[in-house]
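Each ligand, and each atom within it, is numbered from 1 in the order the structure gives. Remember, predicted model here, so these are calculated numbers, not experimental data. All residue numbers in this chain count up from 1 along the given sequence. Heavy atoms only: backbone and side chains are in, while hydrogens, waters and symmetry mates are out.
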Amino acid sequence: MKPEAAKRQIRAIKGVRDILPPESALWNRVEQTARDVFATYGYGEIRLPIFEETELFARSVGSETDIVSKEMYSFFDPDRDLEDLVEGYISSVRGKGSSPNILEQYVGAGFALLQWFSTRDPDTLTGKPRELALALREKASRQFSETTLDEIPEIISAFQKPMLQYHREFRNAISVAVSLRPEATASVCRAYIEHGMHTLPGDVKLYYIGPMFRRERPQKGRYRQFYQIGAEVLGQSDAPAIDAEVIEMLMAFFHRVGLTGCKLHLNSIGCRDCRPNYVEKLREALLKVKGQLGSDSQRRIETNPLRVLDSKLPEEQPIIEKLPRIGEHLCPACREHFAALQEQLKLRSIAYEINWRLVRGLDYYMRTTFEIIAPGLGAQNAVCGGGRYDGLVELLGGPATKGIGFAIGTDRVVLSLFTPDEDFWLPPRPQPPAQVVKPFTDDDVLPAAPVLDVLIAWMGAAAYPTAVKLARRLRGEGLSVELPAEEMKLKKSLGLADKLGARYAIIIGENEVASGRFTVKRLVDAQQRELGEAELIEFLRSKP
Ligand code: ATP
Ligand code: MG
């Protein structure tokens, strides 16, 4: 190493950073708050790989999006063993090196290659490499075993040309294109399919915490390695109550973490039936004003007209304001879904603003989209983005599945909470009620399934608002609660409570709403009691 090179100071790569104490303590608090809050809504943690096949993101996020087309960190990851063989083979063919035993090396590498082929299924290869593999295998089985040393030059000349010619193609064929994940919803869906999670009872609710990677222009609140806390609900229902509960959970998180003044922006971007019509109308309208738009927007008229709505250029704002709005072009089913979601949010006293320009950067979204904006962050003020993505699991080769989720940008949440001059980054955190954790024994190495404290079985539309309020109270006490999004027969909800391993079911029908007393059923022995709300909370808290 040259002396100057040795002295050069190595720094963190552009766009990535170290998180030091005391800021790291705030990071832990933010992440722990998410774990605590999400657990009360019945979510379990999924830990995902940091890198995946590139195709996973190309197919789900969309190959035309900025994220996939220019922001991913991608590389080819070849099969090492085979690559070594091919390298050995090639260098021996080229006669590189001064070994006196070139022929021996050559034969050795050739045999190894053939052996490798004979253990591989040529169907996993395509194009020329496949032809080559088949030819080699054929020769290996028919000729090579009976080959004498004299015949080797002949075989060499037969293989030499194609091997050299197809070396590169060959390497690609034995390589996997992989990328550092730019987001995690695609991975969650991949895992959902891979582990057959659609057979699990109820909706599958998962959360993840970890780094994401996008090659963006670094600035305050925008990094190349950044962190997200995300959650997803996958299942058979797309009831607006699911969307509303996801949003309620988010707001509970922001409230608990102490980020005040957050605004919820909401939109519906329609579905496969109605969005294409709207996009065409939008494109027509944009073509009429093309001359007044900047070059980015002009390009997007062709590639992705919805993205024009995202433009922050001041001179484009008055033009965008006059463009057709998706809300006026939703199909009846989407319109109904959006209206019902807003009813659900009102029922939960969650304030929102409809933002018809909220389109999101990922292809897979449909219907509900939302974003949370925090004060004091300047241009990078979105602290969370999310939406519905029915059909994504199917697109990735899984069963027909509905889905909704969000991702919180942890960097920005921390930025907006952190005040270096104040001692406030470690405020005493309200402790959830202590859980009794049994010590592990030899035959109980794995903890049991995540605890579900309560399932609320509600019957009749009149019981639903009471159920929603009670669920929120109980969750606020640190209890984990499952609230079915759609009405079920009592027998069915008790069955679900059993399958989910709930300890108690609370039954709310019209009588309970009228009397203000609820039936609590302990599921192990079916013992029941009737309690008022305060007694009920006391009872559940004292029975860990
Ligand atoms: P933006 O419009 O700010 O680029 P986005 O639409 O690309 O956000 P999503 O893909 O929805 O963001 O990710 C969800 C959240 O992750 C964002 O709201 C933001 O808080 C955070 N986030 C996204 N990209 C970055 C980044 N490069 N650095 C820091 N945080 C990010
Ligand atoms: Mg972005």
Can you list the atoms of ligand 1 that are under 4.0 Å from a heavy atom of C384?
18 (O)
Taking heavy atoms and a distance under 4.0 Å, where does R222 meet ligand 1: side chain, backbone, both or neither?
both
Interatomic distance, CD@Q32 vs CG@D36, rounded to 0.5 Å, equals 4.5 Å
May I ask which of G221, G409, G386 has a heavy atom nearer to atom 29 (C) of ligand 1 than the others do?
G221
So which pairs with a foot in residues 267-281 pass salt bridge (Lys or Arg N to Asp or Glu O under 4.0 Å), sequence neighbours left out?
E280-R283
With side-chain hydrogen bond (donor to acceptor under 3.5 Å, both in side chains) as the rule and sequence neighbours excluded, what pairs involving residues 404-414 come up?
R17-D411
Give the numbers and elements of all ligand 1 atoms closer than 4.0 Å to a heavy atom of A382.
17 (C), 18 (O), 19 (C), 20 (O)
In terms of heavy-atom contacts, K205 and V233 come closest through CG-CG1, 4.3 Å
Salt-bridge present (D243, R367; N to O < 4.0 Å)
no
If you measure every N/O of R412 against every N/O of ligand 1, is any gap under 3.5 Å?
yes
In this structure, does ligand 1 have an atom that sits under 4.0 Å from one of the heavy atoms of E183?
no
Output yes when R59 and E53 qualify as a salt bridge under the 4.0 Å nitrogen-oxygen rule, no when they do not.
no
For Q228, is at least one N or O under 3.5 Å away from an N or O on ligand 1?
yes
Ligand 1 atoms nearer than 4.0 angstrom to some heavy atom of V383 are 18 (O), 20 (O)
Six-ring centre of Y73, R215 cation under 6.0 angstrom, axis tolerance 45°:
yes
Please work out, at 4.0 Å between heavy atoms, whether the side chain, the backbone, both, or neither of R224 comes within that distance of ligand 1.
neither
